[in-house]
Number of protein chains: 2
Amino acid sequence: MAFESSKIRDIPTQIKDKKLVTRRRRQIVDAAVELFLQKGFHKTTTRQIARAAGISIGLLYEYIATKEDILFLVCEAIHAEMHAALTQALNRTVDAAHPLSEAIRKYFLVCHRMSDHIVLIYQEIHSLPSNQRKKVLENEENITALFIDVLENLTAQNALPVLEENVLKLAAHNISVLGHMWAFRRWRLSASYTIDEYIEIQTGFILSRYKH
Amino acid sequence: MAFESSKIRDIPTQIKDKKLVTRRRRQIVDAAVELFLQKGFHKTTTRQIARAAGISIGLLYEYIATKEDILFLVCEAIHAEMHAALTQALNRTVDAAHPLSEAIRKYFLVCHRMSDHIVLIYQEIHSLPSNQRKKVLENEENITALFIDVLENLTAQNALPVLEENVLKLAAHNISVLGHMWAFRRWRLSASYTIDEYIEIQTGFILSRYKH
DNA sequence: ATTATCTATAGATCTATAGATAATGC
DNA sequence: ATTATCTATAGATCTATAGATAATGC
């Protein structure tokens with residue numbers, strides 16, 4: 001997967017050419033994602049990342065200051081990819097017959113496609129220093145916020161009955177986490193359910209709250 | 001928290017005295033849990049664990065063969081503790097007015113109390129070699145199985161309407177994961193909800209599937 | 001005599017940087 | 001002249017074990 005660079009920010013570098021920074025960091029992130037997925041952050045060495053990215057270990061350290069910086073860039077790239085896929089998908093659900101079901105379906109399919117990446121974030125977010133960890137958690141919150149918007153808009157259009165604000169917000173968290181659940185319990189769930197069956201049953205659970 | 005030793009199994013040792021093995025491993029696990037919670041598995045050294053357990057590094061390696069063995073013992077201890085707390089709590093819900101609500105409440109309170117430990121397992125399970133990881137996942141599955149039992153029993157007693165088997169099983173997974181959700185999103189959720197509010201709203205979601 | 005424990009360290013990494021070299025653009 | 005890149009390695013760990021010592025039980 002080749003990641004967008006839009007979120008590459010805040011990490012200092014000695015390199016002057018901004019386009020080059022973007023390109024090299026994308027190389028680094030793409031290489032690191034693969035390695036982290038295979039063996040995790042701690043068991044991947046900076047030398048391996050440099051080699052996989054096709055640059056020397058010395059050059060790697062011109063683009064980042066610490067190994068944790070690489071993990072941060074990886075987490076940002078994953079969230080950027082999810083956020084982009086989601087906003088794009090959600091825009092197309094506006095005039096579906098059942099917009100909420102369709103939004104849930106699109107989201108769960110993104111979670112299915114990016115299962116390994118989602119698990120990676122759960123797994124490694126604690127390896128980040130706290131300021132970077134905070135930013136990653138904000139990204140996560142932004143994704144939940146997308147569902148809060150969907151629910152609020154549908155409620156405003158009378159497409160859904162009114163729920164208390166706190167209840168609606170928790171419903172959005174639930175959608176978000178039930179998508180992740182497919183990622184981190186896939187080892188078990190995929191023995192009993194296809195992703196389509198999973199989506200169907202979970203959608204039933206989520207919508208039942210709105211049906212009385 | 002002092003952990004039960006019942007699940008200390010399968011890890012070879014040169015030490016002959018079985019009671020001593022149990023006692024020393026409990027010391028080791030108790031020390032390791034604290035350190036892993038503070039700084040994670042990879043940033044904790046075996047020397048630190050030995051020192052915190054009050055034994056020498058050499059002796060530590062008489063009771064385990066690798067650092068991962070310690071993590072495995074820690075995961076087993078956490079699941080043993082959760083399993084024990086839960087079966088005990090569930091036994092007492094049998095004659096409650098709303099047994100399912102009461103089971104959910106008890107479970108969520110266990111998740112609340114053991115938040116950090118639950119997150120630790122999500123975080124570090126990938127650091128285990130695959131045979132040990134499998135055993136930890138089995139433990140996790142056993143906890144979900146407790147809820148499958150609860151739902152099946154209540155259905156058999158006509159206290160709940162009949163659901164398709166696959167739907168019922170996924171409901172059990174959902175209960176399990178929504179408890180974990182309080183653990184791994186507490187940083188955000190606890191700003192908006194007390195644990196009691198959380199339990200109340202989530203119980204509403206879970207039960208609504210049964211109310212039509 | 002046997003079992004449990006400790007001290008000291010081998011051996012193997014790994015991150016990060018210093019200093020040398022190549023490429024680029026005026 | 002400046003910027004980008006590479007090679008070689010310092011310096012700092014950390015896991016795991018070998019070999020010596022202390023404690024235990026017959």
Subject >> Residues B:E141, B:K135: salt bridge by 4.0 Å N-O rule >> reply: no

Original post:
When we call it a touch if two heavy atoms are under 4.0 Å apart, what does B:T13 touch: a base, just sugar-phosphate, or nothing?
Top reply: nothing

Original post:
Pairs counted as Watson-Crick or G-U wobble with both distances under 3.5 Å: what dot-bracket string results for DNA chain D, using | for bases tied to another strand?
Top reply: ||||||||||||||||||||||||..

**OP:** Hey, could you give me the OG1/OH distance between A:T93 and A:Y107, rounded to the nearest 0.5 Å?
**Re:** 14.5 Å

Original post:
Mind checking whether A:W182 and A:Y198 have parallel, tilted or perpendicular rings, split at 30° and 60°?
Top reply: tilted

Original post:
Can you tell me how far P of D:dA10 sits from CZ of A:R47, to the nearest Å?
Top reply: 13 Å

**OP:** For DNA chain C, find the residues of residues 57-66 of chain B with a heavy-atom distance under 4.0 Å and give them by number; none if there aren't any.
**Re:** B:I57, B:G58, B:L59, B:E62, B:Y63

**OP:** State which of C:dT3, C:dT15, D:dT15 makes the closest approach to the side chain of B:T45.
**Re:** D:dT15

Original post:
Rounded to whole angstrom units, what separation is found between the CG atom of B:D17 and the C1' atom of C:dT5?
Top reply: 14 Å

Anything under 3.5 Å between a protein N or O and an N or O of nucleotides 20-23 of chain D, put it in a table, one pair a line.
none

Original post:
Which is true for A:S56 with a 4.0 Å heavy-atom rule: it touches a base, it touches only sugar-phosphate, or it touches nothing?
Top reply: base

Original post:
Expressed in angstrom and rounded to an integer, what is the separation of B:K43 atom NZ from C:dC14 atom P?
Top reply: 17 Å

Subject >> Nucleotide nearest B:L20 when distance is taken to its side chain, options D:dC14, D:dT3, C:dA4 >> reply: C:dA4

Original post:
Taking only N and O in the side chain of B:T46, is any of them less than 4.0 Å away from OP1 or OP2 of D:dT15?
Top reply: yes

